[in-house]
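All values below come from the heavy atoms of this structure, side chains included, with hydrogens, waters and symmetry mates left out. Quick caveat, the model's predicted, so the values are computed rather than measured.
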Amino acid sequence: MDEKKKYTFEDPEFKNTYRHTTSHILAQAVKRLYPDAKLAIGPAIDDGFYYDIDCETPFTPEVLTALEAEMRKICKEKLPLERFELPRAEARRLMEEKEEPYKVQLIDDLPEDATISFYRQGEFTDLCAGPHLDSTGRVKGNGIKLMNVTGAYWRGDSNNKMLQRIYGTCFMKKDELDAYLNMLEEAKKRDHRRLGRELGLFMLTEEGPGFPFFLPNGMTLKNTLIDYWREVHKKYGYVEVSTPIILSRKLWERSGHWDHYKNNMYTTVIDDEDFAIKPMNCPGGMLVYKSQPHSYRELPLRVGELGIVHRHELSGALHGLFRVRCFTQDDAHIFMTPDQMKDEIKNTVKLFDEVYSVFGLSYKIELSTMPEDHIGTVEQWEHNQDILKEAITEMGKDYVINEGDGAFYGPKLDFHLADSLGRTWQCGTIQLDSQLPERFELEYTGADGEKHRPIMIHRVVLGSIERFIGVITEHYAGAFPLWLSPVQVKVMPITDRCDGYANSVAAELEKAGLRVETDLRNEKIGYKIREAQMQKIPYMLIVGDKEAENGTVSVRDRSGKDEGAQPVAGFVERALREIEEKK
């Protein structure tokens, strides 16, 4: 390590090296406490590291505590990490002598011309390509935490032996570790699957794995979100269409999805012909454009679609609303002339800015470039990548390159949103495509009277309605802003004498357009208030004899703040203003 350089986790390469080194410290601790354990692999990952281990002793929480203590000792020992290389035969012999059969398999599978390297720290030696820190003393022992243990088949193959995978994390300072652990605890409280059940938003069943059911409150939330989507898209000049869910194999072959995406598609046979349930809306959008002639005067043509799509996801990958098999994609396709490309990208980013700011979500942009499995020429790809770069650079926005992760038909900008806990979610995307217009022979008549090929943008802003609901449920911890809340106000009489007044207040609020419930149960008012707070209802209006006599309501918000008595009309005016402003 260069002593003059300041190493921090802001540098992804250093963070990866630091955490990879910590995984070796874990492996050394395991071998010290359980010498017969056999080591497999131990990489750094996004939020820490793991190591797969074959050991007869179950790694219980008590064992993890003992391993953490041993890891801290190793850090204090400040053991140098020394890299050395061996010829294949010697490397294999070394691992056989150390009785590490998984390492021997890894050596056997390396290419013939591969460099076989090891890292030694004290008495412990591990097969590894590196890089690593120069000493175990560089890792702060009090910044290490072993999180949990899961099962993992060797090399992900269920025909192989099940190993124990120890997950851990580490930071350069203890307070950074504490902050991370606190964030995880807060994230558990915000888990959208739990909140979805408690707030009556959605349910997941064994009968429909990956196919969410939306409940009444969830449908109100979903429809409110869709209403906003339509409102903002109308403002930005979009028209809306709807295309069929099932379309012929011939269409998917023409679009390229049959060759490049078939493993994720559900297929069926109708009248002895192959059909597919759409995994995306694009090919249907091509047919809509192609259904009538177009002039350059119509372009750019911005076409939105809230299309229900189905994608086959592995059962192990399913996760609440974050990874499902059926979802509503808030899609749009923009057809344009080549000289309109940059302005349309900017216009789309402006729409994204407006939408994300409403939800209090910041973002970072990632530019994904040409993958190995692509269609179109390298020249087309490089030109379109340059257009994307220029557009966002001229808007004063930063981006990072995600090499080789573009869609098979074009480069894209991915928008990674940061929520209230600092976690990131990839939601919006802008994909620049010269290929599908070519495949579908799309045309417009130019100013010269000749036929030309349009360029198109594929884009989503929310990503999918379902996944975005999961994101904002955790972002808000279920306490949605007033305009989104399924129930905005609950009216509660203190005694049954006031039931009639409570109903008249509720009727007045409903007439004004507010979503209202009344709680007329024969329960103490404190109990009703606590229950409404648990349901995260923004406002509770308590009415008793005094309020009924004066034509007022006593207002409480879900945080427990008592705002005192207010005229009903005054509360309505204030609530409608809050909804209009989408605070």
- Note on the structure: From the list Trp252, Phe408, Tyr409, ring-ring contact (aromatic ring centres under 6.0 Å, His included) partner of His260 resolves to Phe408

- Task: May I ask you to check if Arg19 and Phe49 form a cation-pi contact, with NZ or CZ under 6.0 angstrom from the six-membered ring centre and within 45° of the axis?
- Result: no

- Could you label the plane-to-plane angle of the Phe415 and Tyr356 rings as parallel, tilted or perpendicular, counting under 30° as parallel and over 60° as perpendicular? tilted

- Item | Non-neighbouring partners of Arg88 that pass salt bridge (charged side-chain N to carboxylate O under 4.0 Å, His left out), sequence neighbours left out | none

- Message: Just checking Tyr167 against Tyr51, ring centres under 6.0 Å apart?
- Response: no

- Query: Do Gln535 and Val487 touch side chain to side chain, with heavy atoms closer than 4.5 Å?
  - Reply: no

- Message: Using a strict threshold of under 4.0 Å (side-chain N to carboxylate O), is an ion pair present between Arg32 and Glu123?
- Response: yes

- Query: Is there a donor-acceptor contact under 3.5 Å linking the side chains of Glu531 and Tyr527?
  - Reply: yes

- Taking atom types as modelled, find out whether Glu474 and His192 have a side-chain donor-acceptor pair closer than 3.5 angstrom. yes

- Message: Could you work out, with ring pair (Phe, Tyr, Trp, His ring centres under 6.0 Å) as the rule, every residue matching Phe214, not counting sequence neighbours?
- Response: none

- Give a yes-or-no answer on whether the side chains of Glu77 and Thr136 include a donor-acceptor pair shorter than 3.5 Å. no

- Query: Quick one: CD on Gln329 to SG on Cys282, what's the gap to the nearest 0.5 Å?
  - Reply: 7.0 Å

- Query: Does some side-chain heavy atom of Arg92 sit less than 4.5 Å from a side-chain heavy atom of Asp108?
  - Reply: yes

- Side chains of Arg190 and Thr473: donor-acceptor distance under 3.5 Å anywhere? no

- Query: Mind checking whether Phe118 and Phe84 have parallel, tilted or perpendicular rings, split at 30° and 60°?
  - Reply: parallel

- Message: In terms of relative ring orientation, are Phe322 and Trp425 parallel, tilted or perpendicular, with 30° and 60° separating the classes?
- Response: tilted

- Tell me yes or no: between the side chains of Thr60 and Glu62, is some donor less than 3.5 Å from an acceptor? yes

- Query: Would you say the side chain of Lys222 lies within less than 4.5 Å of the side chain of Phe202, judging by non-hydrogen atoms?
  - Reply: no

- side chain to side chain contact (heavy atoms under 4.5 Å, CB included) evaluation trace for Met265 with His312: CA-CA 6 Å; Met265 296 167 68; His312 178 61; over 6 Å; no

- Mind checking whether Phe211 and His310 have parallel, tilted or perpendicular rings, split at 30° and 60°? tilted

- Task: Go through the side-chain N and O atoms of Asp47 and Thr169 and say whether any donor and acceptor fall under 3.5 Å apart.
- Result: no

